[in-house]
Amino acid sequence: MLRKEQNDLLTQTGPGTPMGRMFRSYWIPALLAEELPENDCPPVRVKLLSERLIAFRDTQGRYGLVDEFCAHRGVSLWFARNEDCGLRCSYHGWKYDVTGQCVEVPSEPEASGFANKIKLRSYPLVERGGVLWTYMGPPETQPPLPEWEFITVPPKQTFSSKRLQESNWLQAMEGGIDSSHVSFLHRGDLNSDPLFKGAKGNQYNLSDARPVFEVVESPGGLYIGARRNAENGQYYWRITQWVIPSFTMIAPRGNHSVHGHFWIPIDDENCWTWSFDYHPTRELTPTEVGAMRDGKGIHVRYVPGTFRPLANKDNDYMIDRAAQKAGRTFSGVEGIAMQDASLQESMGPIVDRMKENLVSTDNGIIMARHRLLRAVKAFIDKGTMPPGIDVAHQKVRSAAIVLPPDVPFTEGARDALLARPAVAPASV
Amino acid sequence: MNSAAEARFRVQAPNSKPRAITVVALDADGERVVRDISSGGWQNARFFTSLSPDGTLIGIAGTNITLTDEVEASDLVVLVAGPGGRADLAPRIGEACSAKRVMTTGFVVGAAGVSDTELSKTLAQLRPWSLMVVIANNDEYIADMMAALRA
């Protein structure tokens with residue numbers, strides 16, 4: 001349970017809100033680089049943290065992310081012409097560069113300097129690992145560029161996708177660290193999904209549907225360990241990383257790629273679910289990338305031309321009651337991503353946490369809220385930099401590992417929980 | 001059916017009854033934390049500082065009760081201990097909870113900066129009897145958890 005004022009504090013991320021200000025202290029994923037595939041390509045609408053923006057790539061390959069609307073009459077620059085190092089409004093020809101600076105107002109004498117007085121709000125937009133990242137906070141506190149391992153490995157070792165999720169970011173993120181749902185909601189997928197099946201660890205999962213959880217604070221957020229019995233009195237641990245505010249990395253399986261998510265608010269009732277798969281030491285195979293593009297693993301298939309999942313609330317997520325009854329899927333919804341999203345969206349745009357009844361195994365969620373509330377309070381009251389900005393907090397990995405019974409997993413998996421170039425992930 | 005407009009039509013009737021939470025300190029570190037949080041005005045929680053050899057839980061408010069009776073009435077037993085392996089009471093309380101199928105959560109407090117060896121000793125005592133283990137860097141977390149569980 002969260003009090004209403006706490007729920008409002010964590011779920012509202014518009015300009016000027018405490019959580020919105022904290023989100024604006026991070027580099028966040030804004031677009032896939034493939035959305036702006038070439039110089040002078042069509043601009044793309046982007047809504048982030050309740051601000052409507054337009055992204056474009058100019059004649060020289062520079063990326064811009066600026067206020068969507070022309071300063072003249074408020075026309076959307078999505079209709080603009082992307083030409084000669086700027087976006088030219090289709091209405092009266094006002095033109096803006098990638099910094100949002102107006103560089104031309106055709107109706108005014110050039111010598112008047114009027115264009116210099118017009119500037120749209122803009123944010124930096126930088127390509128890292130096939131993702132375009134933006135920083136929407138004050139320029140004077142802009143942090144170093146992100147160093148998440150999935151964007152620092154060679155391009156053929158990583159794959160990212162995004163999908164529209166029609167719910168507030170917090171309930172989506174909480175779903176990502178709610179480890180106890182896996183044994184139920186996703187139980188049909190461990191042995192069938194091409195990006196999961198075949199790992200020895202799956203057998204530990206399937207033979208023990210009631211793992212014991214251990215939640216430990218990490219420098220950047222939390223380690224959430226799920227423990228199951230292994231051979232010879234040892235424990236099989238699956239350790240998830242959560243880094244403040246909304247990064248998670250799920251424990252790997254066998255030699256499959258490692259995957260995780262970001263949840264980035266679009267507005268208070270929608271968010272982008274970013275999903276990545278990468279392998280620290282090998283290229284992803286064409287079969288793996290094909291499966292990801294086909295919506296397997298944590299990815300989805302789309303309504304053509306959009307990032308809205310093909311299975312969505314308007315078609316009841318294509319629920320298959322026969323598959324549910326036969327046990328092929330637990331909820332009747334196909335695919336891990338949409339199994340999660342369907343239930344998280346069903347809670348309503350912003351779930352009323354006054355009505356929930358958490359239990360002890362929800363401690364990962366409870367502690368994540370605790371850490372978020374502490375971080376936002378310290379950030380607003382004292383200007384304390386929140387966890388997750390320090391690139392050391394970003395150089396982390398999840399792990400699957402077998403350890404003796406009395407060993408703290410933070411000790412037994414100490415090295416495994418750090419991103420180390422060219423070192424294979426700890427996986428079972 | 002999950003639009004903002006539809007969300008207004010959720011049934012507003014209460015959907016749960018209060019749960020009883022028992023909080024037991026297993027060592028001196030645990031007792032310090034349990035005493036601190038016990039003054040929080042909780043409606044559904046009872047706090048104990050130790051367990052006597054005859055099986056009586058020693059209550060902070062001077063209300064002692066047998067372990068068996070307390071566990072019988074509890075929905076969740078929270079075991080609180082510091083690092084260093086002084087949580088010797090864990091098996092007796094854990095066995096009582098196991099016999100009654102009562103959920104247990106083990107808390108390691110004061111763990112920030114301690115050695116892995118010291119932490120390991122307490123984990124070895126708590127893990128066999130805890131269905132959830134939490135290692136928090138600050139003691140305020142237990143109170144937040146109890147509020148989240150409607151204690």
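Convention: sequence-line order gives letters A, B, ...; per-chain numbering from 1.
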Legend entry - Toward chain B, the part of A:Glu217 with a non-hydrogen atom under 4.5 Å: both
Inset, instruction - Taking all non-hydrogen atoms of both residues into account, name the closest pair between A:Val407 and B:Arg127 and its distance. - result: O-NH1, 2.9 Å
Legend entry - Which of A:Leu2, A:Val215, A:Val212, A:Ile365 touches chain B most, by non-hydrogen pairs under 4.5 Å: A:Val215
Inset, instruction - Taking the side chain as every heavy atom from C-beta outward, state whether A:Asp406 and B:Leu123 have any pair of such atoms under 4.5 Å apart. - result: no
Inset, instruction - Pick one of side chain, backbone, both or neither for A:Glu356, based on which atoms fall under 4.5 Å of a heavy atom in chain B. - result: backbone
Legend entry - B:Asn138 versus chain A, the contacting section by heavy-atom distance below 4.5 Å: both
Inset, instruction - Go through the atoms of A:Pro405 and report whether side chain, backbone, both or neither lie under 4.5 Å from a heavy atom of chain B. - result: backbone
Inset, instruction - Check each atom of B:Met103 against the heavy atoms of chain A and say whether the ones under 4.5 Å are side chain, backbone, both or neither. - result: side chain
Legend entry - Within 6.0 Å of CD in A:Glu5, more than 12 heavy atoms from elsewhere: yes
Inset, instruction - Using non-hydrogen atoms and a 4.5 Å limit, figure out which bit of A:Arg414 sits close to chain B: side chain, backbone, both or neither. - result: side chain
Inset, instruction - Answer with side chain, backbone, both or neither: which region of A:Arg369 has an atom nearer than 4.5 Å to a non-hydrogen atom of chain B? - result: neither
Legend entry - Contact winner vs chain A - B:Asn137, B:Thr117, B:Leu131, B:Ile21, heavy-atom pairs under 4.5 Å: B:Asn137
Inset, instruction - State whether the side chain of A:Arg353 and the backbone N or O of B:Ala148 hold a donor-acceptor pair below 3.5 Å, judged by distance alone. - result: no
Legend entry - Donor-acceptor under 3.5 Å (B:Asn15 side chain, A:Lys355 main chain): yes
Legend entry - Flag, side chain of B:Tyr141 to backbone of A:Met367, donor-acceptor distance under 3.5 Å: yes
Inset, instruction - Sort A:Arg227 into side chain, backbone, both or neither according to what part of it lies under 4.5 angstrom from a heavy atom of chain B. - result: side chain
Legend entry - Top of A:Asn357, A:Val359, A:Leu222 for chain B proximity - count of heavy-atom pairs under 4.5 angstrom: A:Asn357
Legend entry - chain B contact via A:Tyr223 - which portion, at a heavy-atom distance below 4.5 Å: neither
